[in-house]
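What you are looking at is a predicted structure, and each value in this text was computed from that prediction instead of being measured.
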Amino acid sequence: MPDDHLYEISSTATGGRAGHVSSADPELELDLALPESMGGDGQASGTNPEQLFSAGWSACFQQAVLAIGRSRDIDVDGCEVSVTVGLVGEMKKGLDLTARIDVDLPNADPSEAQKIVDIAHKGCPYSRATRGNIDVELNVANTASA
């Protein structure tokens, strides 16, 4: 790993998709449950890797949108970012991730909102890490003008 990294954290999983995950600091302790669509019984309580990835990406992407909007003096109050992560393919042949990023900037001009989201997608670490590796659909909404 590079010596100039700003932050790092390690997490450990045990038991695979139906196990447990915890971070090296005491902040994250989660049980994992296999979704019913992937063979889970539907009774187990817990999260899954796709939920965690979706949550991390949405928070990171929103931070990029907020920073870019504010640097351009655009009203980003009320901004919401949802990232939907999916699995496609077959268990036997291999699965791939897909993602849809929905950004609502209710107080921004629609053309400015699109510019902000495009710039955020170029700079967000999750977007950069997945670029060219998974299909990503990017949607910008402006509920104030709807």
Side-chain angles (χ1 to χ4, degrees), residues 1-38 40 44-91 94-146:
M1 288 197 146
D3 290 332
D4 64 345
H5 47 276
L6 299 173
Y7 176 75
E8 70 179 10
I9 187 64
S10 175
S11 295
T12 302
T14 57
R17 286 180 165 271
H20 186 81
V21 66
S22 60
S23 59
D25 62 13
E27 299 302 317
L28 182 71
E29 288 280 341
L30 296 170
D31 288 326
L32 301 173
L34 190 62
E36 204 169 349
S37 65
M38 294 178 66
S45 176
T47 189
N48 63 60
E50 292 71 37
Q51 288 172 328
L52 296 170
F53 189 56
S54 170
W57 197 349
S58 63
C60 187
F61 199 95
Q62 185 188 37
Q63 188 62 45
V65 168
L66 295 174
I68 293 160
R70 289 177 182 145
S71 75
R72 301 179 95 173
D73 291 323
I74 305 297
D75 184 355
V76 291
D77 289 344
C79 171
E80 290 187 2
V81 174
S82 298
V83 176
T84 303
V85 172
L87 285 171
V88 296
E90 298 177 28
M91 295 288 279
L95 300 172
D96 291 309
L97 291 170
T98 63
R100 185 182 72 241
I101 302 172
D102 296 303
V103 181
D104 185 13
L105 285 162
N107 299 317
D109 173 83
S111 65
E112 278 299 316
Q114 184 67 56
K115 289 176 191 172
I116 291 168
V117 170
D118 289 342
I119 294 167
H121 192 47
K122 289 178 183 167
C124 168
Y126 281 73
S127 293
R128 289 169 45 93
T130 58
R131 186 163 290 114
N133 297 313
I134 68 173
D135 290 330
V136 178
E137 178 185 332
L138 194 59
N139 299 304
V140 182
N142 184 272
T143 56
S145 63

Would you call Leu28 and Ile9 a side-chain contact if the rule is heavy atoms closer than 4.5 Å? no

Check whether any side-chain heavy atom of Asn48 lies under 4.5 Å from a side-chain heavy atom of Leu34, and answer yes or no. no

Identify each donor-acceptor pair in which a side-chain atom of residues 57-64 lies under 3.5 Å from a protein atom, sequence neighbours left out, and give them as a table.
residue, atom, partner, partner atom, Å
Trp57, NE1, Ser127, OG, 3.2
Ser58, OG, Ser54, O, 3.1
Ser58, OG, Ala55, O, 3.0
Gln62, NE2, Cys79, O, 2.8

Interatomic spacing from [atom1] in [X] to [atom2] in [Y] - rounded to 0.5 Å:
X	Y	atom1	atom2	result
Asn139	Ile101	CG	CD1	9.5 Å
Ser11	Glu27	OG	CD	11.5 Å
Leu105	Ile74	CG	CD1	9.5 Å
Asp102	Thr84	CG	OG1	5.5 Å

For [range], pull every pair meeting salt bridge (charged side-chain N to carboxylate O under 4.0 Å, His left out), keeping only residues two or more places apart or in separate chains.
range	result
residues 111-123	Glu112-Lys115
residues 67-84	none
residues 44-57	Arg17-Glu50

Residues passing the side chain to side chain contact (heavy atoms under 4.5 Å, CB included) test with Glu90, sequence neighbours excluded, are Lys93

A quick test of your reading: do over 12 heavy atoms of other residues, nucleotides or ligands sit less than 6.0 Å from CZ of Arg128? no

So, the side chain of Arg131 versus the backbone of His121: is there a donor-acceptor pair under 3.5 Å, distance only? yes

N/O donor-acceptor pair under 3.5 Å between His20 side chain and Leu32 backbone: no

Let me see the working for Thr47 and Gln51 under side-chain hydrogen bond (donor to acceptor under 3.5 Å, both in side chains), right down to the final yes or no. CA-CA 6 Å; Thr47 189; Gln51 288 172 328; 2.5 Å; yes

Taking salt bridge (Lys or Arg N to Asp or Glu O under 4.0 Å) as the test, write out the residues that go with Asp135, two or more places apart. none

Evaluate side-chain contact (heavy atoms from CB on, under 4.5 Å) for Phe53 paired with Leu97, printing each intermediate quantity in order. CA-CA 10 Å; Phe53 189 56; Leu97 291 170; 4.3 Å; yes

Nearest non-hydrogen partners of Val76 and Gly69, listed with the distance: CG1-CA, 3.7 Å

